[in-house]
K.L.:
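Input: one structure, supplied below.
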2 protein chains.
Amino acid sequence: MTERAETGADSEPSLANDTETRRSADSSERAYHTIRKLLVEFKLKPGERINEVQLSRSLGVSRTPIREALNRLASEGFVSLTPNRGFFIRSLSTEGLLDLYELRSIIECAAFRLMCERAEDSEIDRLRQYWEAIVDGYRDQPPDIILAEDEGFHMLIAQLSGNPEIVGQLASINARIRFIRRIQIEHPSHDKAQITSHSAIVDAAVRRDAENGAKLLREHIEMTVSATQQALKDALLKVFAPDNGAELKRRGRTRDA
Amino acid sequence: MTERAETGADSEPSLANDTETRRSADSSERAYHTIRKLLVEFKLKPGERINEVQLSRSLGVSRTPIREALNRLASEGFVSLTPNRGFFIRSLSTEGLLDLYELRSIIECAAFRLMCERAEDSEIDRLRQYWEAIVDGYRDQPPDIILAEDEGFHMLIAQLSGNPEIVGQLASINARIRFIRRIQIEHPSHDKAQITSHSAIVDAAVRRDAENGAKLLREHIEMTVSATQQALKDALLKVFAPDNGAELKRRGRTRDA
DNA sequence: GAACGCAATAGTGTCGACACTTTCTTGACG
DNA sequence: CGTCAAGAAAGTGTCGACACTATTGCGTTC
């Protein structure tokens, strides 16, 4: 689940992202991942209009797979489509972000409760092991790894809920807030509070203390939300500062991943 | 079925939309709605493979808009896509259905709580009015109307939560279980329990009793789930019985069990 | 007679082209 | 000078065609 291979490795997207629908490494699929990455990394800026021809040149494929990818991204809320004007990058306003985090919190807390009810002991133990295996070196990892590990932790809880719809839904939400999470991780406000939170959550899981665990989880998410808000402001400043983006708008192809 | 587009691509009155991203009445959009309707009405049977060429002939457009629609439907969980074999109609097994209902219950209960916290008095009153306006003739309406009214009731709660992500998510879930709901409405097991449930939920909303209302809502949904399971079995029997369906595949062979 | 392989067919994935719509440019008019 | 309109340019929406993959059907071999 945890989507590795998103950073540099271009050839193997793998990953069943929101449903368990498998896709191969055809152009359409690659386009999907590449564009999503561009969005997540702010290479394509919020509010901007997407030029299909330019994109298709950049990626070296025709417009057909580009449009298929964009349609998919539209269903997932990354971009929006206005009839005869094309796709626009959805600007994630602060309030929109809060809404997403709120939904995430709802779903994760419910997942935790279900996990406490249903999961086997061995599964709960897998959660414990997962966290213990990474907790030591957690802070020393590069941001991408921290991000993946953090996301993996939360996704594992979702999986242990036993409800694949929850897994899919959470995966979709995570994809949309991933760039924010990453920004937050790199921001100075990111500290070890995360670590203690996760450990406490694992403890609650082991004790099958649904009530407490859900509460911890909710607080954990709320905490990161407030930390994230400042990080978001800083990030937006950075993104719209001169000299940063604008590499995709050049006539020539942008070499990418 | 509802409409056919012949050679003349004239301006046609469009079709009702249901989610956030607005689209116009282009082929792609029409294809989306038409195919979704086919799915919802079991005209295309679960598990079946979708033949793009056949479909495009049926709808009188080329494969491109068909594929765009199918991609969208895939993101939403209606169909699945396997790499070089095409789109398949997702068979909603009983357990898959339970998962969906569970997710729905989670989200709706949360929405109710948020509504109790945040909604204006006037908004809560709108919910009350909505229900009171339809409760009298509720049982005498044709199934489609009952379905719409019921769905509208639940969607209104989602809207009053003030979180558009919740609204969108619930709308997507509703679309996927709509055909089941409809079947259940037509089934003898559908009775006035629905009505009393809804009324009690409205009462709780007016009192802003989040805890009680969420509980009622959960029980309400759980109740319909169990009622639905039997209805689903009956419906599947009906669908796979001879002489029904099979109008879209005129010259094909029907070779399944 | 059954398993295997090979040819023929059906079907998806992608492409380039074109029609139609929106946006930009330019020049006339007040 | 600013406004507006007509034409040009850019861009999306859809189409038909073709390459490549999966599947089916047929003939061969054991």
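Basis for what follows: all heavy atoms, side chains included, without hydrogens, waters or symmetry-related copies.
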K.L.:
Whole-Å distance between C/dG13 P and A/Tyr32 OH?
P.N.:
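In whole Å, C/dG13 P lies 17 Å from A/Tyr32 OH.
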K.L.:
It should be established whether B/Arg67 places a side-chain nitrogen or oxygen under 4.0 Å from OP1 or OP2 of nucleotide C/dT12.
P.N.:
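Indeed not, no polar side-chain atom of B/Arg67 lies that close.
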K.L.:
Atom CD of B/Glu52 and atom P of D/dA22: how far apart are they, to the nearest Å?
P.N.:
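Whole-Å distance recorded here is 15 Å.
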K.L.:
Can you tell me the distance, in whole Å, between the CG atom of B/Asp26 and the P atom of C/dT22?
P.N.:
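My rounded result for the distance is 12 Å.
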K.L.:
Of all the nucleotides listed (C/dG11, C/dG13, D/dT14), which has the minimum atom distance to the side chain of B/Arg49?
P.N.:
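Closest nucleotide among those given: C/dG11.
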K.L.:
Between A/Asn71 and B/Arg67, does any side-chain donor sit less than 3.5 Å from a side-chain acceptor?
P.N.:
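Judged by distance alone, the side chains do not pair up.
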K.L.:
Show me the protein contacts with nucleotides 15-18 of chain C, counting only N or O atoms at under 3.5 Å.
P.N.:
residue, atom, partner, partner atom, Å
C/dC15, OP2, A/Ser62, N, 2.6
C/dC15, OP2, A/Ser62, OG, 2.8
C/dC15, N4, A/Thr64, OG1, 3.4

K.L.:
Okay, side chain of A/Thr228, backbone of A/Thr224: is any donor-acceptor separation there less than 3.5 Å?
P.N.:
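Yes, because the side chain of A/Thr228 sits within donor-acceptor range (under 3.5 Å) of the backbone of A/Thr224.
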K.L.:
B/Asn84 has an atom CG; how far is it from atom C1' of D/dA19, in whole Å?
P.N.:
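Rounding to the nearest Å, CG of B/Asn84 and C1' of D/dA19 are 12 Å apart.
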K.L.:
Could you tell me if A/Tyr130 and A/Arg126 have a donor-acceptor pair between their side chains, going purely by distance under 3.5 Å?
P.N.:
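Absent: no donor and acceptor within the cut-off.
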K.L.:
Check this for me, if you would: do B/Glu151 and B/Arg182 make a salt bridge, where the nitrogen-to-carboxylate-oxygen distance has to be below 4.0 angstrom?
P.N.:
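Salt bridge flag = no for B/Arg182 with B/Glu151.
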K.L.:
What's B/Ile50 touching, base or sugar-phosphate or nothing? Going by heavy atoms closer than 4.0 Å.
P.N.:
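The residue B/Ile50 makes sugar-phosphate contact but no base contact.
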K.L.:
Is a side-chain donor or acceptor of B/Glu123 paired with a backbone partner of B/Glu120 at a separation under 3.5 angstrom?
P.N.:
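Side chain of B/Glu123 to backbone of B/Glu120: a pair is present.
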K.L.:
May I ask you to decide if A/Arg30's main-chain N or O and A/Thr34's side chain share a donor-acceptor pair within less than 3.5 Å?
P.N.:
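Answer holds: yes.
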K.L.:
Quick check against the 3.5 Å criterion: does A/Asn163 have a side-chain atom that pairs as donor or acceptor with the backbone of B/Asp99?
P.N.:
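The answer is yes, because a donor-acceptor pair under 3.5 Å joins these two groups.
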K.L.:
A/Leu55 has an atom CG; how far is it from atom P of D/dA10, in whole Å?
P.N.:
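After rounding, the reported distance stands at 18 Å.
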K.L.:
For A/Glu29 and C/dG13, give me the distance from atom CD to atom C1', rounded to whole Å.
P.N.:
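My rounded result for the distance is 13 Å.
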K.L.:
Rounded to whole angstrom units, what separation is found between the CD1 atom of B/Ile66 and the P atom of D/dT14?
P.N.:
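Checked: the CD1 to P distance equals 11 Å.
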K.L.:
For A/Asn51 and D/dA10, what is the distance between atoms CG and C1' respectively, to the nearest whole Å?
P.N.:
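The distance from CG of A/Asn51 to C1' of D/dA10 comes to 8 Å, rounded to the nearest Å.
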